Amino acid sequence: MDDMNQANGPRLRAQERPEVVKRRRRRRITWAVVIVVVIGGGVWWTMQKRALRALAEQQQWEERVVELADVEVVVSERGIVEPLSQVIVKSQVAAEVREILVEEGDEVTEGDVIAHLDESRVQQDVDNRAAQVDSALAGVERASLVLSQTRDVSQAQLTSARAAVQSAEAALSLSIEGQRPEEIVQAEQRVAQREADLRAAEAQLEELRRGFRPQEIAEQEMAVAQAASQLSQARESLTALQQGNRPQEIEQARARLRQAEMSQAAAQASLRKLRAGNRPQEIAQARAELSSATAQLDEAEATLSRQVELKDAGYASAQAVDTARASYLAARAQVESRRQALDLLQEGSRSEDIAAAEADLARAEASTEAAQEELELLEAGPRAEDIEQQRQAVRAAEATLASQEARLSMMVEGTREEQIRQQEQAVRRSEAALQEAEAGLRVARLGSREQEITQAASSLTDAEAGLDQAEAGKLDAAVRAQDIVDARAQLQSARTQLLRAQEDLQDCTVRAPMGGIVLSRHVEPGELAASGTTGLGEGTPLVTVGDTSRLVVKLQVHEVDVVNLRTGLAAEIRFDAIQGEVFDGTVLEIAPQSTAVSQEQAAGRTEGPAQAGVVTFEVKIVVDSGDGRIRPGMSAGVKVICDSVSDVPTVTLAALHSEDDQTYVLTSIPPEGGEPVRQEVELGMRGASIVEIESGLQAGDTYLIKKPETTFEFGPGG
C-alpha cells in the first residue's frame with residue numbers, strides 16, 4: 001500500500017501544480033500590493049506631516065512692515081502733590097500746650113504767633129536764674145572792691161612808709177649835722193607836705209566811710225566790659241594774623257573764582273547765542289510741529305463734525321459731542337501755541353535781550369576780577385608789620401582792662417571795717433609825721449640837741465617798721481585777686497543759665513518760621529509738648545506750614561527711566577481731581593541717591609505702586625500753573641518727553657532678538673520650513689513700544705513677530 005501511495009504521489013502533484021502556482025502568485029501579488037500601499041502611505045503621511053509642521057511654523061509668526069514713525073522717549077509716573085517748601089513747627093520747650101491760634105487751611109506770614117505754651121514753669125525758672133545772676137554779680141562786686149581797696153591801701157601805705165623812712169633819715173641827719181638856712185626852708189616844706197598828706201589821708205578815710213554810689217559802680221562796670229570786649233577783639237585779630245589765612249579759606253576763594261569764571265563763560269555763551277539768532281533747523285522743527293498740530297486740528301474738527309451728525313441722527317450722546325468739542329478746542333489752542341512759537345523763532349533775538357545779556361556778561365566779568373583779587377590777597381598772607389601793630393594794640397587793651405578792673409574792684413567791693421581801721425592808722429601816722437616835721441622845723445630853727453637826735457633816731461626806727469608792715473600787705477592783695485576770679489566764673493555761669501531760661505520763655509510763644517498755609521495741626525490745647533533742645537529727642541510737632549505758591553509733584557522713577565531725565569525738561573501733568581485738563585510742569589530736581597524699596601516698605605506703601613527690591617530715584621516736578629484748584633495731597637500723573645526723532649524707520653520692540661551681543665530681527669521663513677531668516681540691525685532711539693532702526697532694514701521691508709502660543713495636533717506619531 002505504501003508503495004502504491006509513493007507511486008501515485010508524483011502524479012497527483014503534477015495534476016495540482018497549476019492551481020497551487022496561481023494561488024501562490026495571487027498571494028505574492030497581494031503582499032506586493034500591501035507593501036506598496038504601506039510604503040506609499042508612509043511616504044504620504046511623512047510629507048503631509050512636514051507640510052503641517054511648516055504651516056504651523058508659518059502660522060506662529062505675524063508679518064509686519066517697517067514703517068516711518070516718530071519715536072519719543074517718554075517717562076510716565078504717578079505721584080503726590082506737595083508744597084515745594086514746607087516745615088514742621090516743633091516745640092522747643094517742655095510745657096503744656098495752652099492755645100493753638102491757627103486751623104488747617106489758615107494763611108500765615110513769617111513771624112505770626114501760631115501757638116502759646118504754658119509759661120508759668122519757665123517764668124519761675126527765669127526768675128530763679130535772674131536771682132542767681134544778681135547774687136553772683138554782687139559777689140564779683142564785693143571781691144573786686146576788696147581787691148581794689150586792698151591794692152590801693154597797700155600801695156598808699158607802702159608809699160607813705162617809704163616817705164616816712166626817708167623823712168626820718170633826713171631828720172636824723174639834720175639833727176646830727178646841724179641845720180643850714182636852706183635846710184630850715186626844706187623843713188618848712190616838709191611840714192607843709194605832711195599837712196597835705198594828713199588832709200589827703202583824712203579825705204580818703206572820709207571816702208571809705210561814705211562808700212561809692214550805685215551809678216558810679218554801674219559806670220565803672222560798663223567801662224570794664226568795654227575794655228574786656230576791646231581786648232577780646234584785639235586778641236582775635238592778632239590770632240588771625242599770626243595763623244594766616246587757612247587753606248580752606250583759600251580753597252573757598254578759588255571755588256568762588258571758578259564759579260565766577262563759569263558764570264562769565266555762561267554769560268558769553270548766552271550773548272553769542274542771542275547775537276547768532278535762531279538756527280534754521282530750529283525754525284524747521286517749529287514749522288513741522290505747527291504742521292503736525294494743524295493736522296491734529298483738522299482731524300479733531302472732522303471728529304467733532306461726525307459726532308454732531310451722529311447726535312442729530314440719534315446715534316451719539318451729548319457727552320461724546322462734548323468730548324469731541326474739547327479735543328477740538330485743545331487742538332486749536334495747540335495750533336495757536338505752535339504758530340506763536342514759530343513767529344518768535346522767525347523774529348530772532350530782540351535788541352533789549354542782547355543788551356541785557358551784555359550787561360550780565362559785564363557783571364560776570366566784574367565778579368571774576370573781584371574773586372581773582374580776593375584769592376591773590378589770601379595767598380599773599382598777612383604782613384609782619386601788621387602782626388606787630390596788632391600785638392601793640394593787644395598790650396594796650398590789656399593795660400586798659402587791668403586799670404578799669406582795679407577801679408571797679410575797689411568801687412564794687414565796698415568798705416570793710418579793717419580798711420577803715422587801716423586808714424585811721426594812716427591818718428594817725430600822717431599826724432605823727434606832721435608833728436615830727438614840725439619838731440624838725442623847730443630843731444632847725446633852734447639848733448641840734450641831744451634829745452632831738454635820739455628822737456629822730458627813734459622815728460627812723462618806727463618808720464622802717466611801718467615800711468616792713470606795708471610790704472607785707474602785698475600778700476593780702478594776691479589772695480583777693482583769686483577771690484575775684486572765682487566770683488567772675490560764678491557770674492558767667494549764672495548769666496549763661498539765665499540766657500537759656502529767657503530763650504525758653506521766648507519759645508513759649510511759637511511763631512511761624514515762614515509764610516504759607518497751615519497744612520496740618522498735630523496737637524490740641526492741654527497736650528504736653530516735649531522739648532526739642534534737650535538732646536534726648538525731637539520736639540513735639542505742633543503744626544505743618546507749607547508755601548503753596550509753588551507746588552511740586554513727587555515721583556519715584558525707576559532707575560532705568562531716570563537716566564533719561566534732566567532738570568529743565570517740560571512735563572505734562574494730569575490731576576485725578578481735575579478731569580480733562582493738562583497742566584504744564586518742569587523737572588526741578590532729581591535725587592542724587594537712589595531709594596531701594598524693601599519687602600517691608602513695599603508691603604506698607606500707600607502712595608503709588610512699589611515692588612520689593614526696585615531701585616527708584618525721587619524726582620520733583622514743579623507745577624508751573626498757579627491754579628487754586630491744585631492742592632497738596634492730590635494724586636497726579638506726570639508725562640515727560642525726554643527726547644524724540646521724526647519720520648524714521650521703526651519696528652515694534654517685540655520683534656527684537658539678541659544673541660552674542662548682536663541684535664537681529666526675523667524677516668521670513670523658508671518655504672521648506674526650518675529656522676526663520678535673521679537680519680542684524682543697529683538700533684537708535686527706543687520708545688515705549690517701538691524702536692528706531694538705524695541700519696539693517698528700510699521703510700517698506702517686512703519682518704516677523706511671534707504670535708500668541710497656538711497648539712497644533714498632528715495625530716499619532718506627530
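All values reported here derive from a predicted model rather than from experimental measurement.
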Side-chain donor/acceptor of Ser292 to backbone N/O of Ala288, under 3.5 Å: no

For Leu551 against Pro632, the heavy-atom pair lying closest together: CD2-CG, 4.2 Å

Full working for side chain to side chain contact (heavy atoms under 4.5 Å, CB included) between Thr616 and Val614: CA-CA 6 Å; Thr616 61; Val614 174; 3.7 Å; yes

Separation between NE2 of His657 and CZ of Arg678, rounded to the nearest 0.5 Å: 8.5 Å

Heavy-atom pair with the smallest gap, counting every atom of Val562 and Val557: N-CG1, 3.8 Å

Exam field: side chain Glu110 to backbone Met514, donor-acceptor pair closer than 3.5 Å: no

Close side-chain approach of Thr303 to Tyr328, heavy-atom, < 4.5 Å: no

Between CD on residue Gln556 and OG on residue Ser594, distance to nearest 0.5 Å: 10.0 Å

Salt-bridge criterion met for Arg629 and Glu581 (N-O under 4.0 Å): yes

Glu104, CD: over 12 other non-hydrogen atoms inside 6.0 angstrom: yes

Within-4.5 Å side-chain heavy-atom neighbours: Val648 and Val71: yes

Spacing of Leu588 atom CG and Thr567 atom OG1 [to the nearest 0.5 Å]: 8.0 Å

For Gln264, side-chain hydrogen bond (donor to acceptor under 3.5 Å, both in side chains) partners two or more places apart: Thr368

Under-4.0 Å salt bridge between Arg566 and Asp643: no

Contact check, side chains of Phe583 and Ile578, non-hydrogen atoms, under 4.5 Å: yes

CA sep, side-chain torsions, deciding dist, call: Thr323, Arg325, side chain to side chain contact (heavy atoms under 4.5 Å, CB included): CA-CA 5 Å; Thr323 302; Arg325 182 175 288 107; over 6 Å; no

Heavy-atom check, side chain of Val74 versus side chain of Glu572, under 4.5 Å: no

Min side-chain heavy-atom separation Arg339-Val335 under 4.5 Å: yes

From Ile621 atom CD1 to Leu555 atom CG, the distance as rounded to the nearest 0.5 Å: 5.0 Å

Any side-chain donor near an acceptor of the partner, Ser549 and Asp547, under 3.5 Å: yes

Contact summary for Ile114 and Val108, nearest pair of heavy atoms: CG2-CG1, 4.4 Å

Flag side-chain contact, heavy atom, 4.5 Å: Arg64 against Thr702: no

Between Ser658 and Thr663, a side-chain donor and acceptor under 3.5 Å: no

side-chain contact (heavy atoms from CB on, under 4.5 Å) partner of Thr548, the single match among Leu84, Ile630, Leu519, Val81: Leu519

More than 12 heavy atoms of other groups within 6.0 Å of Lys311 NZ: no

Backbone N/O of Glu301 and side chain of Ser305: donor-acceptor pair under 3.5 Å: yes

Beyond-backbone contact of Val65 with Asp701, side-chain heavy atoms, under 4.5 angstrom: no

Side chain Asp112, main chain Thr109, donor-acceptor under 3.5 Å: yes

Identified side-chain contact (heavy atoms from CB on, under 4.5 Å) partner of Cys642 from the options Val563, Leu565, Val587: Leu565

Check: Glu309 main-chain N/O paired with Asp312 side-chain donor or acceptor under 3.5 Å: no

Atom CZ of Arg521: over 12 foreign heavy atoms under 6.0 Å: yes

Distance, nearest 0.5 Å, that separates CD of Gln319 from CD of Gln307: 11.0 Å

From CG (Asp70) to CE (Met685), nearest 0.5 Å: 11.0 Å

Non-hydrogen side-chain atoms of His522 and Leu542 separated by less than 4.5 Å: no

Identified salt bridge (charged side-chain N to carboxylate O under 4.0 Å, His left out) partner of Glu82 from the options Arg631, Lys554, Arg550, Lys620: Lys554

More than 12 heavy atoms of other groups within 6.0 Å of Glu299 CD: no

